[in-house]
Amino acid sequence: MTAAQESIEAIRIAAAAADRLKAFDIISFDVSNLLGITDIMMIATASNERQVLAVAEEIEKDLYLQAGHREARSREGLEQAQWVLLDYGDFVVHVMHEESRGFYGLERLWRDCPTVDLQLAHPEHAPAPAAV
């Protein structure tokens, strides 16, 4: 099974919002074969707490306006702004402070999953493809 097209389109909206606010190392994994509870995990990095919150807010705004009034089922991490998690059910967005992303290394959890082409306007903000 692969991620639903609706989830892919929504995650591209989220990635574009993060990219527009200068988040970097934006990557998404199709986790639908591993998890029955969600299709896609997206991770984006921000340089400081203020940017973490701004990126998360922009993602929420764009998903509401451009993806049929989608609202997060839950939002976590807004107080510390080190790692904001936005759960939309069929996809989950992680906006992480640079230090937190390095410490937790979420990519290690999903490295065996295929990535989702985010079609970013600024691909230099995306991580380099992993060597095989």
Worked verdict on Glu76 versus Leu86 for side-chain contact (heavy atoms from CB on, under 4.5 Å):
CA-CA 7 Å; Glu76 298 179 28; Leu86 303 172; over 6 Å; no
Does the side chain of Ser100 pick up a donor-acceptor pair with the side chain of Gln82 at under 3.5 Å?
yes
If you round to the nearest 0.5 Å, how far is CH2 of Trp110 from OG of Ser28?
12.5 Å
Shortest non-hydrogen contact between Ala121 and Asp19, atoms and distance:
N-OD2, 4.0 Å
Which pair of non-hydrogen atoms, one from Leu120 and one from Ala16, has the smallest distance, and what is that distance?
CD2-N, 4.0 Å
Look at the side-chain heavy atoms of Ile, Leu, Val, Met, Phe, Trp and Tyr, link any pair under 4.5 Å apart, and say whether Phe103 and Leu85 land in one connected group.
yes
Before accepting this row, confirm whether a basic side-chain N of the pair Arg20/Asp62 lies closer than 4.0 Å to the acidic partner's carboxylate O.
yes
Whether Glu60 and Arg70 form a salt bridge (side-chain N of Lys/Arg under 4.0 Å from carboxylate O of Asp/Glu) is what I want to check.
no
Any chance you could measure Met41, atom CE, to Phe29, atom CZ, to the nearest 0.5 Å?
10.5 Å
Counting only heavy atoms not in Glu99, do more than 12 sit closer than 6.0 Å to its CD atom?
no
Looking at Gln51 and Leu21, would you say the former's side chain and the latter's main chain have a donor-acceptor pair under 3.5 Å?
yes
Leu78, Val55, Ile59 screened by side chain to side chain contact (heavy atoms under 4.5 Å, CB included) with Val84, the one that passes
Leu78
side-chain contact (heavy atoms from CB on, under 4.5 Å) evaluation trace for Phe91 with Asp30
CA-CA 9 Å; Phe91 61 92; Asp30 180 340; over 6 Å; no
Heavy-atom check, side chain of Glu98 versus side chain of Phe24, under 4.5 Å:
yes
Search all heavy atoms of Leu106 against all heavy atoms of Met96 and return the closest pair with its distance.
CD1-SD, 3.7 Å
Taking the side chain as every heavy atom from C-beta outward, state whether Glu107 and Ile43 have any atom pair closer than 4.5 Å.
yes
Just by distance, no angles: are the side chains of His94 and Trp83 close enough, under 3.5 Å, to form a donor-acceptor pair?
yes
Thr38 side chain vs Gly89 backbone, donor-acceptor pair below 3.5 Å:
yes
I'd like to know if the side chain of Arg101 reaches the main chain of Asp25, judged simply by a donor and an acceptor atom lying under 3.5 Å from each other, with no hydrogens or angles considered.
yes
Please assess Ser32 against Asp39 for the test side chain to side chain donor-acceptor pair (under 3.5 Å), listing each intermediate value before the final yes or no.
CA-CA 4 Å; Ser32 59; Asp39 286 344; 4.9 Å; no
Which atom pair, heavy atoms only, marks the closest approach of His97 to Ala81?
CB-O, 4.4 Å
Establish whether Leu65 and Ile13 are linked, either directly or via other cluster members, by ILVMFWY side-chain heavy-atom contacts under 4.5 Å.
no
Say you draw a straight line from CD of Glu58 to CG of Leu53; how long is it, rounded to the nearest 0.5 Å?
13.0 Å
Looking only at heavy atoms, which two atoms of Cys113 and Leu34 are closest? And how far apart?
SG-CD1, 3.2 Å
Please determine if Glu9 and Arg12 form a salt bridge, counting it only when a charged side-chain N lies under 4.0 Å from a carboxylate O.
no
Would you say Ile27 and Thr115 make side-chain contact, with heavy atoms under 4.5 Å?
yes
I need the minimum non-hydrogen distance between Asp90 and Ser7, along with the two atoms involved.
OD2-OG, 2.8 Å
Val93 side chain reached by Ile11 side chain, heavy atoms, under 4.5 Å
yes
